[in-house]
Amino acid sequence: MKKYLLYRDTSPKRASINYEKELNEEQIKVVTHKEGPVLVIAGAGSGKTRVVTYRVAYLLENGIQPQNILLLTFTNKAASEMLHRVEHLLKMDTRYVWGGTFHHIGNMILRSHAELVGLKKGFTILDNEDAKDLIEIVLKEMGLSGREIRFPKGAILREIFSYAINTMGGIEGAIIERYPYFYHLKDEIEAVYEKYSRKKLEINAVDFDDLLHYWYRILAENEDLRKYYAKRFSYILVDEYQDTNKIQAEIIDLIGMINRNVMVVGDDAQSIYSFRGADFRNVFDFPKRYTDCTIYKLETNYRSTPEILNFANESISHNKKQFHKNLKSVKPHGPSPVVTALRDVIQQAEFVAQRILELRDEGVPLNQIAVLYRAHYHSMEIQMELTRRDIPFEIRSGLKFFEQAHIKDVISFLRVFVNEKDEISWKRLLKIFPKVGKRTAEQIFERIQATTNPIDLFTQKKIGESFKRLSKDTIDTWSSLFAELKELKEKEAPADMINTVVGRVYGDYMRYNYPDYESRLDDLIQLANFASKYHSVEDFLSELSLMSGASGEEIIHPGVTDERVILSTIHQAKGLEWKVVFVVWCAEGRFPNSKSMDEDGIEEERRLFYVAATRAMDELYICYPMVYYEKHFGYVILKPSRFITELDTSVYEEWDVSESN
DNA sequence: ATTCGGAAAATTTTT
DNA sequence: TTTTCCGAAT
C-alpha cells in the first residue's frame, strides 16, 4: 500500500501583523509583553478577546510552538472562536494549541493518566443529573433515603460536594459557608461523600468536579508529571480569571511554575459565578502570588455609548469591593438608557415585543437584540408574546440540548458500550422498556455487575431466564438490539448506533410517551447528524458531556446566525454583545434574587446587573412589572429593584407606558 | 412488591 | 415545564 503523507502547516504565513494599526496602546503593551506573569484588568467591552487573540498570534509569530501554548477559557466556544481568529490572522493551523475550558483540558490530561488515580480508560463523564442520581443510589444503599428519615436530597448534596472541591475547603468548609443548617449532619454527609467517591471509581466514572480535582492531584502528587506539564506549557493564558475558583487558580500555579509565563485576564466587576466557588479575590491575590507580575489595565470601552457606560459605571460604583477602574467610552453619543415600570408581566412582555418590532422597522436586525433575565423562568411570558406576534427567537437558557431526557436516554445506550460498568446509564436505558421500573433495573444491574461481559447477558437472552415477568418481546428486542449495537461500536460508528436505537426502540417509546414526539425525533436526527463527524464513540461521548453550547441549533449549525431575537440568562450572556438589550424583571426579590440578600450576595447581583447593562452597544431598556399574580397570595405588589432606585436619576430616562384602545 | 399515571408543588445562576 | 409525591392497578 502506498503511504501518503499529509504535511500540516504549523508555521505562521503572513509575514507580520500590523499591531500598531490594529490595537490601541493599552492593548499593544499586553500583546507584546515579553516574559513573566501578567495580570490584565480588562473592563467590559475593552477588547479583551481581541487582546487574547492577538497575544496568541504574537507568540506564534515569534516562534513559540503551538503545542507549548495553553489557552484556558470559560466556554469551549470562546476557545474555538479565539483560535479561529488566530488562524485567520496568521493563516496557519492552530490545532496544536491547547485551548478550551478547564474541564476540557482536565479531561484530556486525565485520559492520559487515568490509571494513576484509579480510573480506567474510557471512563464516563457524569453530568449534574447523573451525579445526582448516583448520589441518590448511594443514599439508598446507606439507608439515608426514604420518608421516615430527613436527609438532604441528592441535588443538594451534589452542590455541597461540588463547592467543597472547587473551593478546596473540604465538606466541612462547604457546609459552614453555604449550608450551616446542615452542620449537625456533617459526619453523615462526609460519609456519603466517601461512598460516592468510591462508587464513582467502581463504575469508572467522574463528575465535572473530578476533572479539576484529579487534574490537580495528578500535578500535585507527581513531581515528574508536574514538571512535564509545567515545562510543556511555556505560555499560559487564562481568560475570565475573575470567575476561576480556588482549585483552578492552584492548577494554574502548578502548571505555570517553571516558565511563569502566566497571563490572566479578567474584570473583577464581572465576577458572577460564586455559587460555583468562583472567587474574584483570585484577581486581587494574583499580584501577591506573583510578586513580579506586571499589571495592565484596559480601560477603553469600544462597545457601548457613553450613556450606557455611564449608567453601568454609576451602578457598579455602589459596590464596595472592587478594583478601581476608569472605563471610558469612545463611541458617539446615543439615547439614554430607559427605565420603565410595567403594570404586570403581560404588559412587560407586550412592551418588549412591540419595541422589538419597532426596532426591526428602524433597521436593527433581530439577532442584534437580546432580552436578558436573572432566572430562566422569567422568560415565560416573553416567549409566549413573541410566539403570538411571530417574532422569531432563540432561547439560550434552560435545559441544554444534551441535557434533555430523550437525548440522554439514547446516549446511555452508547455509554454502556464504552463503559460496561456505567450504572447510571444501564439503569436509565433499562427503564425505557415496559415493566422495567426502578426495582427491576436495580436487579438486572446486579446481574450486570457480576458478569465480565454484560452485553452477552442480553444478546444471549440470559436475562429472560431470571426475569420471567418480562415479555418475550422485550427479551428478543434486547438480544437483537444489543448484538447490532455491538457490531456498530466495533466499527466506531456513533451515528449509526443512535439511528439504530431510535429505529429499533426509542422512536416507538417516544411516540407513546411524549406529546412533542416529532420535535424530539428531530433532535435525535440532529444528534445522529452531529455524531457522524466522529470516528470514535469514546471521543464523541466525552466531548458531548463537556459541550457547553446551549441550543441544539447552535451545535448542529455552528456559526449560522439567523435573524432571531436572543433570550438569555445574564450568566449566559457573559462575553456577548448586542445593539439593543432589554433587561426584564428588575424588581426586588427577582433581581436581586431573594435568595442572595446578604451583603456579598447583593454585590454579586449588582455585578450581574452590571454585566447585563454592559452587553448593550446602543440601546438599553430596564423593565419591571409592578404587580405579580401568585397562586396562593393573589396579587403581589413588586418594588423596583434597588439597582434602579439607588441610581442617580440623571443616568436614565423614565418611560411611562400606557395603552391605547 | 412494583409499576405507572396523575396530581400537586416548585422553579437562580453552569462547566 | 419539570420534578416529586402518592395511590391505584398489576
Side-chain angles (χ1 to χ4, degrees), chain A residues 72-79 100-107 125-129 131-133 136 145-147 153-155 158-159 162-163 165-166 206-213 215 240 243-245 247-248 271-278 372-380 383-384 395-400 402-405 430-443 467 469-470 512-516 542-550 568-574 585 589-597 601 604-605 607-609 611-612 630-632:
Chain A
L72 290 161
T73 56
F74 197 73
T75 61
N76 287 310
K77 200 174 144 218
T101 59
F102 279 86
H103 295 85
H104 177 82
I105 305 289
N107 178 46
I125 300 173
L126 306 172
D127 70 10
N128 287 341
E129 193 196 2
K132 184 206 78 189
D133 290 346
E136 254 148 28
S145 64
R147 237 152 288 139
K153 293 275 180 323
R158 209 214 93 246
E159 282 183 13
S162 178
Y163 194 83
I165 295 294
N166 283 298
V206 299
D207 59 25
F208 285 146
D209 305 314
D210 287 330
L211 293 173
L212 303 181
H213 182 221
W215 182 8
E240 310 279 12
D243 281 320
T244 54
N245 49 40
I247 197 166
Q248 291 171 323
S271 174
I272 53 176
Y273 279 88
S274 71
F275 66 91
R276 210 166 92 183
L372 306 182
Y373 34 84
R374 177 68 182 82
H376 175 55
Y377 72 97
H378 292 162
S379 69
M380 289 308 166
Q383 288 185 42
M384 282 159 57
I395 308 169
R396 298 269 181 89
S397 56
L399 262 197
K400 307 285 156 10
F402 298 121
E403 289 168 358
Q404 300 173 89
L430 290 168
K431 279 190 276 190
I432 287 164
F433 297 89
K435 292 200 174 140
V436 183
K438 229 174 147 207
R439 187 79 196 109
T440 313
E442 268 168 34
Q443 286 165 349
F467 294 90
R469 358 180 267 104
L470 300 179
Y512 286 95
N513 286 281
Y514 298 123
D516 56 344
S542 74
E543 209 144 304
L544 211 64
S545 329
L546 295 170
M547 198 68 89
S548 55
S568 168
T569 58
I570 300 165
H571 280 89
Q572 287 206 320
K574 187 166 93 155
W585 271 110
R590 289 318 205 294
F591 191 12
N593 187 284
S594 51
K595 284 174 186 163
S596 331
M597 286 298 184
E604 175 146 331
E605 295 282 302
R607 291 194 291 272
L608 202 49
F609 190 73
V611 169
E630 255 184 25
K631 244 189 236 155
H632 306 291

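Note that the coordinates shown come from a computational prediction; the quantities given were computed from them, not determined experimentally. Labels below follow one simple rule: chain letters A, B, ... track the order of the sequence lines, proteins then strands, and each chain is numbered from 1.
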All side-chain contact (heavy atoms from CB on, under 4.5 Å) counterparts of Asn513(A), not counting sequence neighbours:
Tyr509(A)
Which of these nucleotides, dC5(C), dT4(C), dT13(B), is closest to any side-chain atom of Lys132(A)?
dT4(C)
Counting any heavy atom closer than 4.0 Å, what does Asn128(A) reach on the DNA or RNA strands: base, sugar-phosphate only, or nothing?
base
Whole-angstrom distance between dT4(C) and dT13(B), as gauged at atom C1':
23 Å
Under-3.5 Å N/O pairs linking protein and nucleotides 3-5 of chain B:
unit_1 : atom_1 : unit_2    : atom_2 : d
dT3(B) : OP1    : Gly437(A) : N      : 2.9
dT3(B) : OP1    : Thr440(A) : N      : 3.0
dT3(B) : OP1    : Thr440(A) : OG1    : 2.4
dT3(B) : OP2    : Lys438(A) : N      : 3.2
dT3(B) : OP2    : Arg439(A) : N      : 3.0
dC4(B) : OP1    : Lys435(A) : N      : 3.0

List for me each residue that meets ring-ring contact (aromatic ring centres under 6.0 Å, His included) alongside Phe275(A), sequence neighbours excluded, and say none if there are none.
Tyr273(A), His571(A)
According to ring-ring contact (aromatic ring centres under 6.0 Å, His included), who are the partners of Tyr163(A), at least two apart in sequence or on a separate chain?
none
Does Phe102(A) reach a base, just sugar-phosphate, or nothing at all? Heavy atoms under 4.0 Å.
nothing
List for me each residue that meets ring-ring contact (aromatic ring centres under 6.0 Å, His included) alongside Trp585(A), sequence neighbours excluded, and say none if there are none.
His378(A), Tyr628(A)
For the side chain of Thr75(A), starting at C-beta, report the closest nucleotide among dT15(B), dT4(C), dT13(B).
dT15(B)
For Glu604(A), check salt bridge (Lys or Arg N to Asp or Glu O under 4.0 Å) against everything at least two apart and list the hits.
Arg607(A)
Check every strand shown and say whether His376(A) touches a base, only sugar-phosphate, or nothing at a heavy-atom separation below 4.0 Å.
sugar-phosphate
By salt bridge (Lys or Arg N to Asp or Glu O under 4.0 Å), which residues pair with Asp127(A), not counting sequence neighbours?
Lys408(A)
Set of side-chain contact (heavy atoms from CB on, under 4.5 Å) partners for Tyr377(A), sequence neighbours left out:
Ala375(A), Arg590(A)
Considering only heavy side-chain atoms of Thr569(A), the closest of dC5(C), dT15(B), dT13(B) is dT13(B)
Measure the shortest side-chain to side-chain distance between Arg469(A) and Thr440(A) over non-hydrogen atoms and say whether it is less than 4.5 angstrom.
yes
Going by centres under 5.5 angstrom and planes under 30 degrees, do the aromatic ring of Phe74(A) and the base ring of dT15(B) stack?
no
How is the base pairing of DNA chain B summarised as a dot-bracket string, given the Watson-Crick and G-U wobble criteria with both distances under 3.5 Å, [ ] for crossing and | for another strand?
||||||||||.....
